[in-house]
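Residue indices begin at 1 and follow the sequence shown.
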Amino acid sequence: MSPRGARARRANGKKYATWLAAGVVVLGGTAVTAVAASAGGEGAGPGDGTRAAKAHALALDGKDPKRRALPRTGTPTFSLVGVSWEDSGDTFEGTAQIRTREAATGEWSEWHDLDFAIRAPESTEGEEPDVRGASEPLWVGPSDGVEARVVADGEETAIPEALRLDMIDPGETVKGRGNGKGDGGIKGSGKGDAEPPTSGAPTDPAPGAVPAQEPTGPAAATIPTAPTAPTAPAVVSRAGWGADESLVQDPPSYLNKVDAVFVHHTAGTNDYTCADSPAVIRAILTYHVRTNGWNDVGYNFFVDKCGTVFEGRAGGVERPVLGAHTYGFNSYSSGISLLGDYENGGTPTAAAQQAIADLAAWKLGLHGVDPEAEVALTAAADTGVWKKGQVATLNTISGHRDGYATLCPGASLYSALPGIRTTAGASPYATGN
């Protein structure tokens, strides 16, 4: 074993000891580690119909330095899964495939590839000792079994240290507040498979959707004064989709200005219903905090295929909140992520494209930025596309792949960006329109 590997294993042993001291339960021979995602514990609230999100970890041990395989294994119920490892500085070059067992039917899915485009922020948050390297998470719906195969290739031919599966149960929230049961303020709620709206006209806010507002609680730290805001599109608040605010330990950080918007996709399934959207976002929040070790969800906003906009990272939707979405350019930008996979056959709906355009037009307009313009930004890190310190000329509405070496936001969504820019320029939410 290399000295680096020995150090990593010693560090990993210390982490497991810390988890055990904190009351983490290791379940029998399966070695599934259950961790409450909420500081308030794993149980339901006192008669309020809620159930906290949970994170489960399953170690992928083995002697082969290039391969890990997990046979079909029963697990606690989860709906989102990913792979993570100890050191976020280790870039994993390889493939990981997952298949899961549907809890309701017992049927096993096809194999799904995991995306390794995710990176820790280039800010202080990404330099914390507990930040792990991780794949993008995959939404699979309620499942109770998993099978995995991981292979290292490329120049880095070793599996990273402390490789594990991370499985997230998004829990449930109070009925009528983003619980994914058809009455949580989602357009088309109660009709999860209905055709999404296609009109580009502004709509009245749905129940649970709020315009830009002042943050409260931990987010109400000292914040920069926002410019006079143009009319804001409807946004489902964090409370509306059931964010567990106890996960967020530190107050938000802020940019001087939002110079650009980067568009992403979550790289999960396109088979979710729009009533599922709050649960998907709760699971991503839990994954970003409990698996990645970040302070909050990385994206500033989410959009679903029905065109509903959701508040992402806390701090005030109208404020220039520093996110963790586009490595090398987080310090200048806001991140919008569309739920779904737009690389492998998925096509963004007209409603989703309109929502992204309106949101980007509004967000950029708060800072006097033209959504159809270009901007020169200095890369804060090596991204695989740009070297640290290199000046990048980018569209003010760009795709993740324009800043970082990734397929995100997928081929079909990326090809839609020129039209989204034009729509944003004509949006009723753009400054002066």
Side-chain angles (χ1 to χ4, degrees), residues 53 75 77-83 95-118 134-149 165-171 178-182 184 186 188 191-196 241 263-288 291 297-299 302-308 310 312 336-349 351-353 355-356 400 406-414 416:
T75 68
T77 302
F78 66 95
S79 293
L80 181 140
V81 62
V83 170
T95 58
Q97 294 183 311
I98 301 291
R99 65 191 308 182
T100 56
R101 183 175 63 195
E102 185 178 351
T105 66
E107 295 182 358
W108 285 87
S109 71
E110 300 296 325
W111 287 101
H112 297 285
D113 293 325
L114 296 180
D115 184 351
F116 287 95
I118 198 168
S135 70
E136 291 281 6
L138 176 70
W139 177 263
V140 294
S143 305
D144 60 6
V146 66
E147 183 177 3
R149 53 195 187 195
L165 284 178
D166 289 271
M167 299 162 286
I168 307 298
D169 172 5
N179 63 355
K181 295 182 178 178
I186 308 301
K191 303 176 183 178
D193 294 309
E195 182 70 19
W241 55 261
V263 177
H264 305 254
H265 68 165
T266 58
T269 180
N270 297 314
D271 293 334
Y272 69 93
T273 68
C274 292
D276 288 333
S277 300
V280 175
I281 297 169
R282 289 198 304 274
I284 294 173
L285 165 64
T286 306
Y287 187 87
H288 282 183
T291 296
V297 69
Y299 304 113
F302 292 90
V303 173
D304 72 8
K305 61 187 177 183
C306 286
T308 304
F310 300 84
I336 301 172
S337 192
L338 179 58
L339 300 184
D341 182 353
Y342 300 96
E343 177 63 26
N344 298 297
T347 301
T349 65
Q353 293 183 56
I356 292 169
H400 187 186
T406 175
L407 295 176
C408 181
S412 63
L413 180 52
Y414 187 77

- Item | Taking every non-hydrogen atom, the tightest pair across Leu338 and Ala352 | CD1-CB, 3.7 Å
- Task: Mind listing the closest non-hydrogen atom pair of Leu165 and Ala148 along with its distance?
- Result: CD1-CB, 4.1 Å
- Task: Would you please name every residue forming a side-chain contact (heavy atoms from CB on, under 4.5 Å) with Arg99, sequence neighbours left out?
- Result: Arg72, Trp108, Ser109, Trp111, Glu147
- Where the side chain of Glu343 meets the backbone of Ala267, is there a donor-acceptor pair that is under 3.5 Å apart? no
- Query: Do side-chain atoms of Ser412 reach the backbone of Tyr342 as a donor and acceptor pair under 3.5 angstrom?
  - Reply: yes
- Item | Leu114 vs Glu136, side chain to side chain contact (heavy atoms under 4.5 Å, CB included): CA-CA, chis, key distance, verdict | CA-CA 7 Å; Leu114 296 180; Glu136 291 281 6; over 6 Å; no
- Task: Check Asn270 against Gly340 and note the closest heavy-atom contact, atom names and distance.
- Result: OD1-CA, 3.2 Å
- Query: With a 4.5 Å heavy-atom cut-off, do Leu80 and Ile284 have their side chains touching?
  - Reply: yes
- Query: What pair of heavy atoms forms the shortest contact from Tyr272 to Ser277, and how long is it?
  - Reply: CE1-OG, 3.7 Å
- Residue pair Tyr287 / Pro170, side-chain heavy-atom distance below 4.5 Å: no
- Task: Compare every heavy atom of Thr75 with every heavy atom of Gly145, then report the nearest pair and how far apart it is.
- Result: N-OG1, 3.6 Å
- Message: Give me the atom names and distance for the closest heavy-atom approach of Trp139 to Ala283.
- Response: CZ3-CB, 3.9 Å
- Message: Could you walk me through whether Val280 and Thr266 satisfy the side chain to side chain contact (heavy atoms under 4.5 Å, CB included) test, starting with their C-alpha distance in whole Å, then the side-chain angles of each, then the deciding distance to 0.1 Å, before giving a yes or no?
- Response: CA-CA 10 Å; Val280 175; Thr266 58; 5.6 Å; no
- How would you list, by chain and number, every residue that makes a side-chain hydrogen bond (donor to acceptor under 3.5 Å, both in side chains) with Gln97, sequence neighbours excluded? Asp113, Arg149
- Not counting sequence neighbours, which residues clear side-chain hydrogen bond (donor to acceptor under 3.5 Å, both in side chains) with Asp166? List them please. Ser84, Arg164, Thr291
- Query: Who pairs with Ser143 by side-chain contact (heavy atoms from CB on, under 4.5 Å), at least two apart in sequence or on another chain?
  - Reply: Phe78, Thr100, Val140
- Task: Output all residues satisfying side-chain hydrogen bond (donor to acceptor under 3.5 Å, both in side chains) with His400, sequence neighbours left out; order by chain, then residue number.
- Result: His264
- Message: According to ring pair (Phe, Tyr, Trp, His ring centres under 6.0 Å), who are the partners of Phe116, at least two apart in sequence or on a separate chain?
- Response: Trp85, Phe92
- Is it true that a side-chain atom of Thr77 and a backbone atom of Pro142 form a donor plus acceptor pair closer than 3.5 Å? no
- Report the residues that fulfil side-chain contact (heavy atoms from CB on, under 4.5 Å) with Thr347, sequence neighbours left out, ordered by chain and then residue number. none
